[in-house]
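Everything below concerns the one structure shown next.
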Amino acid sequence: MVSDLSKAIIHYYGDGPSPEEKSAWTFLGKNIIEMKLDYPILVEIPLFGLERADLIAVDTRNAIIVEVKGWRNVKRISDMVVLADNAYHIDPCYQLNNYVSKMKFFHTSGKIVNYTGILYMYNHPEYKSDSCKIAYSEEDLIKEIRRIGKPGGKEDIDTIVAGRFTISDDLIDIIINNGNSIIRDASLTLLSKGYGLSEEQAMIMHRVQDALKNRENKTFLIKGESGSGKTLLALQLLLDAIKNGYKALLAYRNNRLLNTMRQVLNLNAGSINISSLIQYYSTGRGVGIGERNFDASRYSNMDLIIYDEAQRMTQDVIKMTQSRSNVKVYFYDDSQILIGDEAGTQDNFRRYCTNTTEMHLTGSFRISRSYLQLVRHILWNEKPPDTLNYEINLFDNISNLIEDLRKKHTDGNKIGLLCAFTESKGDKKNPTSVQNRRIGYPLPSNFDLYKNSGLDIYWLMDEKTEYPRYWRGELDPLKYCASVYGAQGFEADYIGLVWGRDLVWRNNDWKINADAITDTIGNNYSLKRMAKKDNDVAMTLIRNRYYTLMTRGIRGIDLFFEDQQTGQHIKDVIDRIRKDAIMGYDKL
């Protein structure tokens, strides 16, 4: 069993198990044999990111998740954290309930199988909790497993094994539908809806809570790639701080994301309206939290300020934000820097921040890790994934892409249409201007690919009204499209992406076509300017943009390429990986 599990873990995650995990598997294997259960048992079932359920026992309609802990000394520190055998860990009942909720809400088998859970504490009978069932002996565990019903068969296992994880409701939907409960207890409400924190996230939250409690002047640098749960954790940190009486803010640069979060968080926590705690860290007008003309008197003596999407900070903003609160938390992904003067990199945070603690979110909650590997392979030629469990559709005709997205939307999925910032530059003052047409004819660039398509799709322009309504699903998602600035920080079940003529594949390498670029945001540091004066910087920025655009879909992505040669290259890459994945499975 240990050998087979080790091979599977290496194939799925890329890294082998630790000696402690192998030891635990040896114990579990012995226990399973000694229990002589007739129930099929699944072991080390992958959840989101790096999380795995220890055991799942299956009957014909029910399944019980067993979380196994061999700790000898356990002390509860909070509802989310324990001190076990001299190390901090996520509370085992919180962890178990998180797994049960994720299987219920986000796994396709959750519509068929009724999931429950039990914690097996075989070395520590003194650990008590009202939040989950606990078995302290092999006999107790056998009794609880047998309660679920008649032992299942192969078809019952296949329902789980052949299933997949997919987010049924995104974070914005959860907040909208459960606002009052979230204000009362954000942690418990989000946990019950499948948005519980991973152990990585829980440890970060614990460290920040400790710093607040001890009145430390502390900086936390939290690096996490797309889909790693940065925004979820940032929101929980804010709501937990407010609940416990601290003065806290959550800050963004992206006005589209900020306005959406303000509308979604228009909730009252006592005398405080949560939306008023969502502020800009940079505005370009000098009045953001990290700018010199910020009215610090309005928000003096702040205990905590959380900076989401902090990779978009300039060096001056990083330095200024250091003085705005006792505890500072910067969430960043330097693969999502979009403009030439943005400087939110690990090196710059280390250079300008003091009293730092660095932590890393390595799990992937929103999208498949194998798909993230594919994106990085396409853009940066990093190692390709071994598997590809994510829906990817490539279209030669834009109308077929629109038709496929329309069908997905009709089937109840949340969709979004994203386009490269090319061909038209947008005109906020005149919504009907041809400068706002992105797909259709004529285009300002005279690009005539869509001449006979019958389509007429315009840029989203108003960050206070259109963008929040679009990402809440209140506008026709195929009447408008968003650029990278309107996509960063947002998500949908499925994304349609129109890959522009700005990044093209020529002579076995990526090339920038500056003539197609219409993005002048950032003035001298805009992509348009950088493409003409510093090709290396421009290449970094444009790769980051496509990385951001390609990682907005939870379940899948539809792709259309305005440059045929580029589309053929990416089709060849994906076909090769799919073929290799099939051959890899055959060898297991």
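This is a predicted model, so every value here is computed, not measured. Every heavy atom of this structure was used, including side-chain atoms; hydrogens, water molecules and symmetry mates were not.
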Nearest 0.5 Å, please: how far is [atom2] in [Y] from [atom1] in [X]?
X      : Y      : atom1 : atom2 : value
Ile318 : Glu342 : CD1   : CD    : 10.5 Å
Phe349 : Gln315 : CZ    : CD    : 11.0 Å
Met539 : Asp534 : CE    : CG    : 11.5 Å
Thr551 : Gln336 : OG1   : CD    : 5.5 Å
Leu237 : Ile305 : CG    : CD1   : 13.5 Å
Leu418 : Leu460 : CG    : CG    : 9.5 Å

[Y] and [X], any side-chain heavy atoms less than 4.5 Å apart:
X      : Y      : value
Val317 : Arg253 : no
Pro385 : Arg369 : no
Leu478 : Leu455 : no
Gln346 : Tyr332 : yes
Asp580 : Ile577 : no

For [Y], does its backbone N or O pair with a side-chain atom of [X] as donor and acceptor, under 3.5 Å?
X      : Y      : result
Asp493 : Asn413 : no
Gln263 : Lys464 : yes
Ser101 : Asn98  : no
Lys414 : Trp471 : yes
Tyr371 : Met550 : yes

Would you indicate whether [X], at its atom [atom1], is surrounded by more than 12 heavy atoms from other residues, nucleotides or ligands within a distance under 6.0 Å?
X      : atom1 : result
Lys479 : NZ    : no
Arg506 : CZ    : yes
Phe447 : CZ    : yes
Glu382 : CD    : yes
Gln564 : CD    : no
Asn523 : CG    : no

For [X], which of [options] qualifies under side chain to side chain contact (heavy atoms under 4.5 Å, CB included)?
X      : options                : result
Tyr280 : Ile289, Leu258, Asn254 : Leu258
Lys571 : Leu394, Asp396, Leu559 : Leu394
Leu47  : Met103, Arg52, His107  : Met103
Ile274 : Val264, Leu239, Leu250 : Leu239

Evaluate the side chain to side chain contact (heavy atoms under 4.5 Å, CB included) criterion for residues Cys481 and Val498: first the C-alpha distance (whole Å), next the side-chain angles of each, then the deciding distance (0.1 Å), finally the verdict. CA-CA 10 Å; Cys481 62; Val498 175; over 6 Å; no
Closer than 4.0 angstrom, basic N to acidic O: yes or no for [X] and [Y]?
X      : Y      : value
Asp476 : Arg406 : yes
Arg438 : Glu562 : yes
Asp519 : Arg545 : yes
Glu466 : Lys428 : no
Asp563 : Arg501 : no
Arg555 : Glu391 : no
Asp575 : Lys579 : no
Arg576 : Asp572 : no
Arg437 : Asp456 : yes

Closest heavy-atom pair, Asp333 versus Gly224, reported as atoms and distance to 0.1 Å, is CB-O, 3.2 Å
Any side-chain donor-acceptor pair under 3.5 Å between [X] and [Y]?
X      : Y      : value
Ser424 : Trp459 : yes
Ser370 : Asn389 : yes
Asn513 : Asp502 : no

Answer yes or no on whether Arg376 is positioned over the face of Tyr547, meaning its NZ or CZ is under 6.0 Å from the six-membered ring centre and within 45° of the axis. yes
Do the numbers put Lys230 on top of the ring of Phe331, so that NZ or CZ is under 6.0 Å from the six-membered ring centre and no more than 45° off the axis? no
I would like to know whether Glu291 and Thr283 meet side-chain hydrogen bond (donor to acceptor under 3.5 Å, both in side chains); could you show each step before the answer? CA-CA 8 Å; Glu291 295 172 314; Thr283 63; 2.9 Å; yes
After noting the C-alpha distance and the side-chain angles of Phe421 and Thr518, does the key distance pass the side chain to side chain contact (heavy atoms under 4.5 Å, CB included) rule? CA-CA 6 Å; Phe421 204 154; Thr518 52; 3.4 Å; yes
Please step through side-chain hydrogen bond (donor to acceptor under 3.5 Å, both in side chains) for the pair Asn430 and Thr432, ending with a clear verdict. CA-CA 6 Å; Asn430 183 7; Thr432 61; 3.1 Å; yes
Do the rings of Trp510 and Trp499 sit parallel, tilted or perpendicular, given the 30° and 60° boundaries? parallel
Evaluate ring-ring contact (aromatic ring centres under 6.0 Å, His included) for Tyr330 paired with Tyr307, printing each intermediate quantity in order. CA-CA 5 Å; Tyr330 299 85; Tyr307 301 97; 5.0 Å; yes
Taking the six-membered ring for Trp, is the centroid-to-centroid distance between Tyr195 and Phe106 below 6.0 Å? yes
Please step through side-chain hydrogen bond (donor to acceptor under 3.5 Å, both in side chains) for the pair Thr231 and Asp308, ending with a clear verdict. CA-CA 7 Å; Thr231 296; Asp308 201 4; 2.8 Å; yes
Would you please test Glu200 and Thr362 for side chain to side chain contact (heavy atoms under 4.5 Å, CB included) and show each step? CA-CA 8 Å; Glu200 285 182 333; Thr362 60; 2.3 Å; yes
